[in-house]
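Contents: one structure, followed by commentary.
Just the heavy atoms: all of them, side chains too, but no hydrogens, waters or symmetry mates, feed the values below.
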Amino acid sequence: MPGSVDHPMSFRSVVAVFAVMIVLAVGGGVLLHDMYSAADGSAAAPDPPPVPVERDPEDRPGSGEVRLSGDAARHPERDAVRRVLQTYFDAINERDFDLWRSAVTSERLGTTEEDQWIEDFRSTRDGDMYVHRIAPARDDRLRVLVSFTSTQDVEDAPATLPEPCIHWWLALPLAAGGDGDGWRIDAVSPGTPPLYEAC
């Protein structure tokens, strides 16, 4: 995700906040799993292992399929959320700006130049995308906690972490598409930079 991380001054505080969010999301997922299982008398399939998945270098960045935690899989908008995220990551992996355009809001698109997008993602491959939680947000939006792994040329990595393989954690805002056409990924507010670490 080159070009998207330029808030080093607030990194420690963001790490702490996001760590709490992940703990709450995982804890909430366990609680909800128990509640739902008790309510319907059945046990859900076990969750796949969350990111980061540590892989041998030749196997990075991992699977290109977006996976859902047990908690996320119980959300009524799970299919639409998974679909738009899959489109978003497929577009990056295929260097397909038109496909990416179909997955984002007009506001997000308005801050992105096609030439710069192509330059930013020219060597990026994303994998092991994992949705930890889908939560309601203000103005009838959703906030999706997602983690994934990217590989890229070192010169295309964030300046603050020039590494060929990076684990990412994002809180992505989703807004309804036009004419009720599913969900779209909206612009991330400046106060919520992603978290990342070398593989």
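Contact check for P194 versus V188: no side-chain heavy atoms found under the 4.5 Å cut-off. Y130 has its side chain out of reach of T149: every pair of non-hydrogen atoms, C-beta onward, lies at least 4.5 Å apart. Side-chain contact between E107 and T111: absent, with no pair of heavy atoms (C-beta onward) separated by less than 4.5 Å. By the 4.5 Å heavy-atom criterion applied to side chains, I166 and Q152 are counted as neighbours. Residues D96 and D90 are not in side-chain contact: their nearest non-hydrogen atoms beyond the backbone lie 4.5 Å or more apart. At least one side-chain heavy atom of D128 sits under 4.5 Å from a side-chain heavy atom of R55. Proximity of V154 to P162: side-chain heavy atoms (C-beta onward) are separated by under 4.5 Å at one or more points.
Annotation for T105 and A175: closest pair CG2-CB, 4.0 Å, computed over non-hydrogen atoms. Closest of all the heavy-atom pairs between D156 and S123 is OD2-OG, 2.5 Å. When every heavy atom of A187 is checked against every heavy atom of P173, the shortest pair comes out as O-CG, 3.4 Å. Contact between R95 and N93 at its shortest, heavy atoms only, is NH1-O, 3.2 Å. In terms of heavy-atom proximity, R125 sits nearest to P61 at O-CG, 3.6 Å. Residue A137 comes nearest to R143 through the heavy atom pair CB-N, 4.2 Å, listed as atom of the first residue, atom of the second, then distance.
A salt bridge is absent between R82 and D79; no separation between the charged side-chain nitrogens and carboxylate oxygens falls under 4.0 Å.
Rounding to the nearest 0.5 angstrom, the gap separating the NE2 atom in H167 from the CD atom in E197 is 6.0 Å. The distance from the NE2 atom of H132 to the CG atom of L68 is 11.0 Å, given to the nearest 0.5 Å. For the atom pair CG (L170) and CG (L145), the distance works out to 9.5 Å, reported to the nearest 0.5 Å. With values rounded to the nearest 0.5 angstrom, E119 atom CD is found 6.5 Å from Q116 atom CD. Once rounded to the nearest 0.5 Å, the distance linking CD1 of I92 with OG1 of T87 reads 11.5 Å. For the atom pair Y196 OH and L161 CG, the distance stands at 6.0 Å (nearest 0.5 Å).
Relative ring orientation between F121 and W117 is described as tilted, the plane-to-plane angle lying within the 30° to 60° band.
Checked by atom type and distance alone, the side chain of E163 never pairs as donor or acceptor with a backbone atom of P158 at under 3.5 Å.
Not counting sequence neighbours, E113 has no partner by the salt bridge (charged side-chain N to carboxylate O under 4.0 Å, His left out) test. Residues passing the salt bridge (charged side-chain N to carboxylate O under 4.0 Å, His left out) test with D186, sequence neighbours excluded: R141. Here E58 pairs with D56 under the side chain to side chain contact (heavy atoms under 4.5 Å, CB included) rule; sequence neighbours left out.
Under the 4.5 Å side-chain heavy-atom criterion for Ile, Leu, Val, Met, Phe, Trp and Tyr, L99 and L109 are members of distinct hydrophobic clusters.
No more than 12 heavy atoms of other residues, nucleotides or ligands sit less than 6.0 Å from atom CG of D140.
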Take T112 and F97, measure what side chain to side chain contact (heavy atoms under 4.5 Å, CB included) needs, and give me the verdict at the end.
CA-CA 10 Å; T112 307; F97 185 78; 4.2 Å; yes
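Checking each of L85, L142, V81 against L172 for a side-chain contact (heavy atoms from CB on, under 4.5 Å) leaves exactly one that passes, namely L85. Under the ring-ring contact (aromatic ring centres under 6.0 Å, His included) rule, F89 has a single partner from W168, W100, F148, which is F148.
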